[in-house]
There are 2 protein chains.
Amino acid sequence: MREPTVSIESQVEQFIGWLRTKKLKVTQERLALVREVLASKGHFEAEDLQIRLRAQGRRVSKPTIYRTLPLLIESGLLRPSFLTGERQTYYENTLGDDKHEHLICVACGRIIEFTSERLEEALVEVGRKHGFIAQKRRIELFGLCEYCG
Amino acid sequence: MREPTVSIESQVEQFIGWLRTKKLKVTQERLALVREVLASKGHFEAEDLQIRLRAQGRRVSKPTIYRTLPLLIESGLLRPSFLTGERQTYYENTLGDDKHEHLICVACGRIIEFTSERLEEALVEVGRKHGFIAQKRRIELFGLCEYCG
DNA sequence: TTCGGTGCAAAAGTTTTGCACTAGC
DNA sequence: GCTAGTGCAAAACTTTTGCACCGAA
């Protein structure tokens with residue numbers, strides 16, 4: 001089970017700081033949304049957020065959700081997620097982005113997480129060579145897993 | 001400029017073979033669509049295909065396009081593409097998937113392609129360790145490029 | 001007190017469906 | 001000739017917008 005390396009509340013603080021930097025207001029709706037997004041496992045869509053919040057007794061409108069998602073993306077806490085050919089916009093928080101790569105089986109849909117020290121080193125070399133400062137990344141290999149190969 | 005390693009017509013043949021395997025019909029519409037998709041550079045959406053085909057005098061309806069795209073994805077020639085937080089479904093063909101990775105600058109949007117022998121080796125090792133046979137991949141690093149860092 | 005933010009209702013888009021007709025096999 | 005596939009029109013959904021009201025700073 002993947003555990004976030006950074007606590008949710010510290011990420012909420014980061015978001016509040018980001019809002020202040022941008023001179024945007026820290027509203028109850030935005031706080032509820034960022035907490036829900038950070039607590040989410042895997043990918044989800046706009047409506048999932050509304051349903052989960054409603055289950056907690058918090059009512060946030062669709063327009064507000066759609067207006068808040070881009071802020072979460074801009075602030076770096078969220079990213080669109082598209083492993084398969086969904087027709088809708090799915091999202092995923094970025095808490096697990098570091099050091100977790102994915103092997104995706106095109107036959108059974110199984111997703112295997114992995115880490116690799118050699119991969120780490122190769123990427124550091126690439127960054128140095130191109131003068132690129134990497135912040136986040138997405139590494140996905142598509143193919144056949146050990147059960148389907 | 002990136003050149004496909006495999007010719008378009010051989011990929012069209014592959015698609016025809018795939019259709020036959022699935023006992024699906026090889027229609028004019030499907031052939032026109034697969035050719036257009038394979039000839040496309042970068043990301044595009046359903047309507048782009050219709051417009052380009054119409055410019056060539058071929059008329060293919062939206063429903064047919066939407067019904068064909070999943071076939072192209074299933075057959076491995078196409079994949080959804082989501083570099084940024086677009087609200088619509090964009091696609092990209094998989095011709096250039098091999099040996100081209102991306103550095104994406106979050107500040108200026110610049111996309112730098114790179115290859116790395118060490119990365120190659122690291123990925124081979126990962127596959128071997130997990131009994132995974134990789135067919136395609138997507139490797140994207142998000143961060144600041146040499147001009148924005 | 002002042003604007004930016006929210007919710008509602010309606011609009012705008014995109015993707016899907018039902019059905020009659022067409023064309024691949 | 002039989003079916004799967006196509007196009008049209010309409011429906012279904014997701015996402016956006018206009019506007020009046022509310023609440024954070």
Quiz item: Start at the 5' end of DNA chain D and walk down; is the nucleotide closest to B:Lys23 or to B:Ser61 reached first?
Solution: B:Lys23
Quiz item: Of all residues at least two apart in sequence or in a different chain, which pass the side chain to side chain contact (heavy atoms under 4.5 Å, CB included) check with B:Thr27?
Solution: B:Lys25, B:Glu29, B:Arg30
Quiz prompt | For atom NZ of A:Lys22 and atom P of C:dG4, their distance in whole Å | solution = 16 Å
Quiz item: Heavy-atom distance under 4.5 Å between the side chains of B:Thr68 and B:Val34, does that happen here?
Solution: no
Quiz item: Taking only residues at least two apart or on different chains, which pairs with a member in residues 51-65 of chain A satisfy salt bridge (charged side-chain N to carboxylate O under 4.0 Å, His left out)?
Solution: A:Glu36-A:Arg52, A:Glu47-A:Lys62
Quiz prompt | Separation of D:dG5 P from B:Leu31 CG (nearest whole Å) | solution = 13 Å
Exercise. Could you state the atom-to-atom distance from NZ of B:Lys62 to P of C:dT14 in whole Å?
Key: 7 Å
Practice problem: Please report the shortest heavy-atom distance between A:Leu72 and A:Val37, naming the atom on each side. | Solution: CD1-CG2, 3.8 Å
Self-check item: Separation of atom CG in B:Leu69 from atom P in C:dT14, rounded to whole Å
Solution: 14 Å
Quiz item: Linking I/L/V/M/F/W/Y whenever any side-chain heavy atoms sit under 4.5 Å apart, do B:Phe15 and B:Leu24 land together?
Solution: yes
Quiz prompt | Axis deviation across the helix from C:dT1-D:dA25 to C:dC25-D:dG1, five-pair ends, to the nearest 10° | solution = 50°
Quiz item: What closest approach, in Å, do B:Leu53 and B:Ala32 show between heavy atoms, and which atom pair accounts for it?
Solution: CD2-O, 3.9 Å
Quiz item: Where along residues 47-55 of chain B does a heavy atom fall under 4.0 Å from DNA chain D?
Solution: none
Exercise. Give the cluster check for B:Phe114 versus A:Val124: same hydrophobic cluster or not, with ILVMFWY residues linked at side-chain heavy-atom distances below 4.5 Å.
Key: no
Exercise. Look at A:Glu125 together with A:Arg118 and state whether they make a salt bridge at an N to O cut-off of under 4.0 Å.
Key: no
Quiz prompt | Where protein sits on nucleotides 17-25 of chain C, one letter per nucleotide: B base, S sugar-phosphate only, - none, heavy atoms under 4.0 Å | solution = B------BS
Self-check item: Interatomic distance where OH belongs to A:Tyr66 and C1' belongs to C:dA11 [whole Å]
Solution: 15 Å
Quiz item: Got a salt bridge between A:Arg138 and A:Glu101, using NZ or NE/NH1/NH2 to carboxylate O under 4.0 Å?
Solution: no
Self-check item: Rounded distance (Å) that lies between atom P of D:dG5 and atom CD1 of B:Ile65
Solution: 17 Å
Practice problem: Could you tell me which residues satisfy side chain to side chain contact (heavy atoms under 4.5 Å, CB included) with A:Arg20, sequence neighbours excluded, listed by chain and number? | Solution: A:Ile16, A:Val26
Self-check item: Exam field: side chain A:Thr64 to backbone A:Val60, donor-acceptor pair closer than 3.5 Å
Solution: no
